[in-house]
Amino acid sequence: MNAILTGGFADPSTQSAHAFRALLEAMARPGRIFTVAGAQPPAPISVAAGVALLTLTDSTTPLHLAGAADCEALRGWIGFHTGAPLVPAEQAQFALGRWDALQPVSRFRIGEPSYPDRSATLIVELDRLEPEGARLTGPGIKTEARLSLPETAGFRANRALFPLGLDCILTCGARLAALPRSTIVEDA
Amino acid sequence: MTDQAYNFAYLDEQTKRMIRRALLKALAIPGYQVPFASREMPMPYGWGTGGAQVTAACLTPDDRLKVIDQGADDTTNAVSIRRFFQRTAGVETTERTAEATVIQTRHRIPEQPLSEGQILVYQVPIPEPLRFLEPRETETRKMHELEEYGLMHVKLYEDIARHGEIATAYAYPVRVEGRYVMDPSPIPKFDNPKLAGNPAIQLFGAGREARIYAVPPYSDVVSLDFEDHPFVASKADHECDLCGSAGSYLDEVITDDRGTRMFVCSDTDFCASRQAQGHRGRLSPQGATP
Ligand SMILES: [Zn+2]
């Protein structure tokens, strides 16, 4: 019970402002890694994923929990701190889980041709998040960026849907990066 | 110190979350207009309620905010928005472009090149570049969806037929990353080249029409034009009468009732900085640059 009531932002306005700024910079500069703080979600969820949930989700944003993230401790924590309704993948505005647990990502909403913004944002928990590996180019990237993605094929397929598609927030410990649908992903 | 009668940056947390979600989608789909639930702000429409909501959603207490209205920091509009965020978000403010972390602007892009870590927030009156061709929102959405931008080119070409050049001087339409045609807000077309390849994050907020859109850093932003009539980022063919700058955007000012005119930089910080560095113009008290 205690784990449910604790671990939120102590000072929500200021902490969510700082957290959002990191998320904004991350989405604007795909592949760049930012460190965030302020959330202490129950295991196995990372600090960065907790920060993203507290900053972006609430009772108006249907959330899907995939795999190990779909545990009682986290469901309770989300219910108490954000109130986000938990839904199947097809209805989700946000989803949280490891990359393999989120598969197949074709279940998630990719937006509508007239409203491509009506698409899911995936919070992807990773074991590693380093500026190496897959080559990223596109909006927000001056020349190229490198990021240790779990794979490239899925992200290339997502890019092919543009302007539809999924946007990803990649989290590992207290660090996060983003991979919007606009980013061109190539093998290292 | 913030005024405790307000939430941080005035808006409640749920509203800021909604705007923040829209901003992330806007960055993910460069140039596309994301609808959002625009809120009342304690300032009249046309005074930057869209820009102010975007600024409110982005600010942290560590920011240094600059607000410009047509390039000037000292207009009633700019001063009141600056004071508003000083009071509600406790942020520092500045008139120096280089020192600002967030710049809210109406109708200009600062002359001084921006850098990473800076956010430029545009106040937008009419976000839809196709609106004057097609008043129906459902139709313009369809046109964006299908990349039906031919009518836009026809309109610009009619300008050329009638005036010998493209007459659009403000809010000159651009194409972002080869996909969406976007209204850059009523900046002079002189500023259009600064939209492209900019290291800063550019965010656009339209309050009355409830739209948010964005240009990520280093994005490809092209002003619409024709092979035989390429886009020209024109300005008044003068130098600034106060700082002598030949490369900045100038306002024409009538200085007396006999119609005497002078040309001065519209970017007041840029002009003042140049004067402080010793640059002089035709009408400077100390005379022209030797
Ligand atoms: Zn000047």
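By convention in this document, chain letters (A, B, ...) are assigned in the order of the sequence lines, proteins followed by strands, and residues within each chain are numbered from 1.
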Is it the backbone or the side chain of [X] that comes under 4.5 Å from a heavy atom of chain B, or both, or neither?
| X | result |
| --- | --- |
| A/Ser119 | both |
| A/Leu166 | neither |
| A/Tyr115 | both |

Would you say [Y] and [X] are linked by a side-chain donor-acceptor pair, where the criterion is simply a distance under 3.5 Å?
| X | Y | answer |
| --- | --- | --- |
| B/Thr15 | B/Arg39 | yes |
| B/Arg17 | A/Thr82 | no |
| A/Gln93 | A/Thr121 | no |
| B/Gln53 | B/Ser38 | yes |

>> Which one wins on heavy-atom pair count under 4.5 Å against chain A: B/Ile119, B/Val34, B/Leu23, B/Leu24?
In response: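 The option with the most such pairs is B/Leu24.
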
> Out of B/Glu145, B/Glu177, B/Lys142, which one racks up the most heavy-atom pairs below 4.5 Å with chain A?
Replying inline: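 Between B/Glu145, B/Glu177, B/Lys142, the count favours B/Glu145.
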
In terms of heavy-atom proximity below 4.5 Å to chain A, should [X] be classed as side chain, backbone, both, or neither?
| X | value |
| --- | --- |
| B/Glu116 | both |
| B/Ala200 | backbone |
| B/Arg179 | side chain |
| B/Ala26 | neither |
| B/Thr140 | neither |
| B/Asp63 | side chain |
| B/Leu146 | neither |

Residue selection (most heavy-atom pairs with chain B, distance under 4.5 Å) from [options]:
| options | value |
| --- | --- |
| A/Asp117, A/Thr57, A/Ile141 | A/Asp117 |
| A/Ala178, A/Pro180, A/Ser114 | A/Ser114 |
| A/Ser182, A/Gly165, A/Pro139 | A/Pro139 |
| A/Arg181, A/Glu112, A/Arg29 | A/Arg29 |
| A/Leu164, A/Leu56, A/Ile169, A/Thr14 | A/Leu56 |

> Between atom OH of B/Tyr213 and atom CD1 of B/Ile29, what is the distance when rounded to the nearest 0.5 Å?
Replying inline: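 The CD1 atom of B/Ile29 is 15.0 Å from OH of B/Tyr213, to the nearest 0.5 Å.
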
> Hey, mind stepping through B/Tyr122 and B/Leu195 against side-chain contact (heavy atoms from CB on, under 4.5 Å) and telling me if it holds?
Replying inline: CA-CA 12 Å; B/Tyr122 296 77; B/Leu195 293 158; 3.5 Å; yes

> Less than 4.5 Å apart, any side-chain heavy atom of B/Gln33 and any of B/Phe204?
Replying inline: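 No. Closest side-chain heavy atoms not under 4.5 Å.
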
>> Between A/Arg146 and A/Glu130, does the salt bridge (charged side-chain N to carboxylate O under 4.0 Å, His left out) criterion hold? Intermediate values first, please.
In response: CA-CA 8 Å; A/Arg146 301 273 173 175; A/Glu130 301 296 335; over 6 Å; no

> Would you call the rings of B/His144 and B/Tyr149 parallel, tilted or perpendicular, where under 30° means parallel and over 60° means perpendicular?
Replying inline: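 Aromatic pair B/His144/B/Tyr149 classed perpendicular.
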
